[in-house]
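A short write-up of the structure that comes next.
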Amino acid sequence: RQGFIVRCAFVLSVAAVMLTLSSAAAAQQSFYVTQDGRGSGNGLSYANAWSLAQFETGANWSANESSSQIDPGDTVYLCGRFDVSSNFISPAGSGTTTAPITLRGDCPNAALEVIGTTATGGTGIDVKDRSHLILSNLRFVVDVSVAIRVRNSNHITIRNSTIETARGKAIETSITGSHLYIHDNVIRCTRTGGNGGNDGIGVWQGPWHHVYIYRNYISDFTHAQINLIGYAPSDPHREEVSYVYIYENELSLPTRGYGRAFGFNDSRYVYFFRNYVHGMRARSQVSSRDVYVYNNVFANTKNCCSLGTE
């Protein structure tokens, strides 16, 4: 009898765990957003997508389980074309360590279109005061100052996206933050003639720490493909950018005769390794220390093996 009771208790425990896992999985939902919304606008399907204004409304985000609000673990599909000439895309909530919120551009109910703008200036996606977000499979064709800006945030991932920009920065950080992951992206400056975009990836205005930049293709930015600057130019109180790992990227300058692979300014504990650098100056280091550059390939590159002050 005792054995029977133990076996029953075990079966009931397993059933309870499976029910809990099933409920957690069921709680994860997908939401859909277009520029102006569609249908009833409840966000639960492409036919009834939220508008951008609804997506940016805090009441539509929740830290608790809700069938009508974006919760940790949910996925948001950005569908169709977004014109950010006068308004950027700004998430209004955060995920958690075990349940990040994912913003995707490969909307399954509509062909992936460009997130972009027709005017100079502004920002594409602005992530401010957020954590545990994944930005994935997005496509930008923009002429803005920054395609993706991350401010005062942590545990943000930008992956599997294409950013084509005519000027400014493709990805920029500011204020403070940590644990930024940028990987498997194609990032290009598309402007022909004159100065191109400022930086491909700019980690600016620290303190920022634990930044991982890997397996990206970055090309044709005339300032730097990757630039670390640990302070605001007007700020006398300099803060470092630290613990930055840059590896397995291809940094290329195929259509311009000037530009540099990287700039490390007021940075510490920077590891630059297993990268392929082609057709540009390789270095700039100002007021930085504990910078390690090793096991890279430099092709058709000036100053390929020198770190110094410019």
Side-chain angles (χ1 to χ4, degrees), residues 23-46 48-80 82-84 86-110 115 122-140 144 146-161 163 171-183 208 210-212:
S23 299
Q28 296 180 357
Q29 292 192 177
S30 294
F31 291 85
Y32 299 79
V33 180
T34 64
Q35 179 91 38
D36 299 313
R38 293 169 57 90
S40 67
N42 63 18
L44 297 177
S45 67
Y46 174 69
N48 298 298
W50 274 335
S51 67
L52 179 57
Q54 289 174 294
F55 168 74
E56 295 178 332
T57 299
N60 287 326
W61 295 68
S62 173
N64 303 308
E65 184 178 321
S66 170
S67 61
S68 61
Q69 296 172 302
I70 302 171
D71 307 317
D74 287 347
T75 297
V76 179
Y77 288 97
L78 302 175
C79 306
F82 287 77
D83 184 348
V84 292
S86 58
N87 186 29
F88 47 71
I89 300 168
S90 182
S94 300
T96 66
T97 301
T98 57
I101 294 172
T102 302
L103 276 60
R104 298 184 66 103
D106 53 346
C107 179
N109 296 88
I115 296 174
T123 300
I125 294 181
D126 186 50
V127 179
K128 183 181 180 183
D129 303 324
R130 303 293 170 223
S131 67
H132 301 95
L133 297 179
I134 299 173
L135 280 59
S136 179
N137 297 88
L138 304 172
R139 183 164 187 258
F140 295 78
V144 295
V146 180
I148 301 175
R149 176 178 279 122
V150 182
R151 302 184 283 168
N152 197 38
S153 297
N154 65 82
H155 294 89
I156 306 298
T157 297
I158 303 169
R159 70 185 187 193
N160 300 326
S161 296
I163 302 175
I171 300 173
E172 179 193 75
T173 73
S174 63
I175 306 178
T176 185
S178 70
H179 296 87
L180 175 64
Y181 304 87
I182 303 173
H183 65 89
W208 267 86
H210 290 90
V211 178
Y212 302 82

Distance, nearest 0.5 Å, that separates [atom1] of [X] from [atom2] of [Y]:
X	Y	atom1	atom2	value
L133	I156	CG	CD1	4.5 Å
I171	L180	CD1	CG	7.5 Å
D129	S90	CG	OG	9.0 Å
H179	H210	NE2	NE2	5.0 Å
D36	T34	CG	OG1	6.5 Å
I148	T173	CD1	OG1	12.5 Å

So do [Y] and [X] actually touch side chain to side chain, heavy atoms under 4.5 Å?
X	Y	result
Q29	L44	yes
F55	V76	yes
I182	Y212	no
F82	I89	yes
S174	R151	yes
I125	L135	yes
R104	Y77	yes
L103	P91	yes

Practice item. Measure from the ring center of Y32 to the ring center of Y46 and say whether it is less than 6.0 Å. Key: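 Not under 6.0 Å, so no.
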Backbone of [Y] reached by a side-chain donor or acceptor of [X] within 3.5 Å:
X	Y	answer
E56	A53	no
D74	S30	no
D71	S66	yes
T57	A59	no

Exercise for review: Just do the salt bridge (Lys or Arg N to Asp or Glu O under 4.0 Å) check on K128 and D126 with the steps written out, would you?
Suggested key: CA-CA 6 Å; K128 183 181 180 183; D126 186 50; over 6 Å; no
Distance-minimising heavy-atom pair for [X] and [Y]:
X	Y	answer
T157	H183	CG2-NE2, 3.8 Å
G73	I101	N-CG1, 4.1 Å
A49	Q54	O-OE1, 4.4 Å
Q69	W61	NE2-O, 3.8 Å
S94	P72	O-CG, 4.1 Å

**Study point:** R159 vs I134, side chain to side chain contact (heavy atoms under 4.5 Å, CB included): CA-CA, chis, key distance, verdict
**Key:** CA-CA 8 Å; R159 70 185 187 193; I134 299 173; 3.6 Å; yes
Practice item. Please test I70 against W50 for side chain to side chain contact (heavy atoms under 4.5 Å, CB included), starting from the C-alpha separation and ending with a verdict. Key: CA-CA 12 Å; I70 302 171; W50 274 335; 3.5 Å; yes
Point to revise | Criterion side chain to side chain contact (heavy atoms under 4.5 Å, CB included) on T97 and H132, from CA distance to verdict | key: CA-CA 6 Å; T97 301; H132 301 95; 3.4 Å; yes
Point to revise | N42 and N48 side chains, donor-acceptor separation under 3.5 Å | key: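 N42 and N48 do not have a side-chain donor-acceptor pair below 3.5 Å.
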**Study point:** S153-R130 side chain donor-acceptor pair, cut-off 3.5 Å
**Key:** no
